[in-house]
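Just so you know, these numbers use all the heavy atoms, side chains as well, and skip hydrogens, waters and symmetry mates.
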Amino acid sequence: MLENQVALITGASRGIGNAITLALAAAGARVIGTATSAEGATRVTETLASHGYNGRGEVLDAADPASIDALMARLEKARELPTILVNNAAITRDMLLVRMKPEDWDAVIATNLTAVYRLCRACVRYMMKERRGRIVNLTSVVGLTGNPGQANYAAAKAGILGFTKSLARELGSRGITANAVAPGFIDTDMTRALSEEQRAALLNQIPLGRLGTPTEVAAAVLFLVSPQSAYITGETLHVNGGMYMP
């Protein structure tokens with residue numbers, strides 16, 4: 001259902017980003033998946049090829065405006081400007097506020113929020129010309145609930161919600177939708193590092209009694225970029241097992 005579409009997915013080399021990459025490629029999109037290193041970009045290319053899917057990996061430092069400009073120039077030259085953009089790349093620099101260094105705040109805001117602005121701005125010009133487009137920004141349950149030790153991360157993820165709604169109002173008349181997906185606690189490398197005690201306490205907060213999977217988050221993203229979601233914009237789809245119910 002995504003044939004003849006190019007999808008740009010940031011943070012595509014592992015976890016949720018990898019699952020989104022495979023889901024959109026399986027639906028027929030040509031996927032450009034980014035990673036911060038050449039090794040990660042190669043892994044994206046090899047993963048897509050191993051499934052017989054169309055696409056490749058690209059190196060991108062989402063916090064670096066020059067890196068974004070260079071990527072967009074390469075895509076334009078290859079006639080691969082995206083009609084689907086999934087902003088998934090994110091970092092953490094967790095620390096209680098009284099101990100949080102300014103550089104930890106700045107790094108998280110730059111990668112998790114400012115990069116979303118820059119990539120959307122770079123991609124919407126082509127989408128506006130085409131009068132079609134799908135933008136999905138990955139936020140987080142902690143952007144709605146807050147979380148101790150994650151003031152920087154929660155602030156960035158909360159900012160994405162307001163940004164996405166504003167984008168939806170600006171671009172709707174051009175046939176472009178903008179939505180967010182807010183994962184809860186997902187079974188990834190980060191949550192696997194939790195102790196058994198931490199994991200048990202976490203599961204007690206989730207009515208479904210388990211962590212989510214990257215493929216479940218990817219299914220939500222796939223729906224929002226599909227033709228079936230054409231009349232949905234400015235929304236946040238929560239994938240958290242009932243941990244937070246707005």
Side-chain angles (χ1 to χ4, degrees), residues 8-21 32-44 57-74 85-124 135-167 178 180-194 198 202 214 217 221 236:
L8 175 60
I9 303 169
T10 66
S13 64
R14 59 192 177 91
I16 291 172
N18 178 67
I20 295 170
T21 296
I32 310 299
T34 76
T36 55
S37 67
E39 180 184 3
T42 298
R43 189 160 62 247
V44 173
E58 282 275 0
V59 176
L60 174 69
D61 178 357
D64 181 4
S67 183
I68 292 174
D69 291 344
L71 172 64
M72 297 308 298
R74 292 195 298 272
L85 171 63
V86 180
N87 282 300
N88 170 71
I91 62 170
T92 56
R93 295 286 188 275
D94 295 351
M95 186 63 64
L96 292 175
L97 180 64
V98 294
R99 298 176 183 170
M100 186 178 291
K101 297 178 181 178
E103 53 265 36
D104 294 330
W105 173 273
D106 292 342
V108 169
I109 296 298
T111 300
N112 298 9
L113 181 59
T114 306
V116 174
Y117 148 73
R118 289 193 173 117
L119 281 159
C120 286
R121 187 171 183 269
C123 291
V124 296
I135 297 170
V136 177
N137 298 321
L138 272 289
T139 178
S140 168
V141 65
V142 304
L144 296 114
T145 65
N147 201 35
Q150 288 194 308
N152 49 3
Y153 186 81
K157 292 301 186 177
I160 285 175
L161 295 173
F163 175 81
T164 301
K165 290 178 181 179
S166 298
L167 207 59
V181 170
F185 285 89
I186 307 300
D187 188 12
T188 61
D189 294 342
M190 183 174 67
T191 51
R192 288 178 201 133
L194 296 174
Q198 290 172 318
L202 185 59
V217 179
V221 174
T236 301

Give me the atom names and distance for the closest heavy-atom approach of [X] to [Y].
X      : Y      : answer
Ile91  : Ala107 : CD1-O, 3.6 Å
Thr21  : Ala12  : OG1-CB, 3.2 Å
Ala158 : Gly143 : CB-O, 3.3 Å
Asn112 : Tyr153 : ND2-CD1, 3.4 Å
Ala35  : Ser13  : CB-CB, 4.0 Å
Ala182 : Thr139 : CB-CG2, 3.6 Å

Can you check whether [X] reaches [Y] side chain to side chain, under 4.5 Å on heavy atoms?
X      : Y      : value
Val124 : Ile135 : yes
Val136 : Val181 : yes
Leu8   : Leu71  : yes
Val116 : Thr10  : no
Val221 : Ile9   : no
Asn87  : Ile160 : no
Cys123 : Met72  : yes

Look at the side chain of [X] and the backbone N and O of [Y], then say whether any donor-acceptor pair between them is shorter than 3.5 Å.
X      : Y      : result
Ser140 : Val142 : yes
Thr34  : Glu58  : no
Lys157 : Gly146 : no
Asp61  : Ser67  : no
Asn137 : Thr164 : no

Look up atom [atom1] in [X] and atom [atom2] in [Y], then write down how far apart they are to the nearest 0.5 Å.
X      : Y      : atom1 : atom2 : answer
Asp104 : Asp94  : CG    : CG    : 9.5 Å
Ile16  : Asp187 : CD1   : CG    : 10.5 Å
Arg14  : Arg43  : CZ    : CZ    : 8.0 Å
Leu119 : Thr114 : CG    : OG1   : 11.0 Å

(request) Kindly write out the residues that satisfy salt bridge (Lys or Arg N to Asp or Glu O under 4.0 Å) with Arg118, not counting sequence neighbours, or none if the list is empty. (result)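 Not a single residue meets the salt bridge (Lys or Arg N to Asp or Glu O under 4.0 Å) criterion with Arg118.
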(request) Answer yes or no: are there more than 12 heavy-atom neighbours, outside Gln198 itself, under 6.0 Å from its atom CD? (result) yes
(message) Looking at Arg74, I'd like to know if its CZ atom is crowded, meaning that more than 12 non-hydrogen atoms belonging to other residues, nucleotides or ligands lie closer than 6.0 Å.
(response)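 Yes - once you tally the heavy atoms of other residues, nucleotides and ligands closer than 6.0 Å, there are more than 12.
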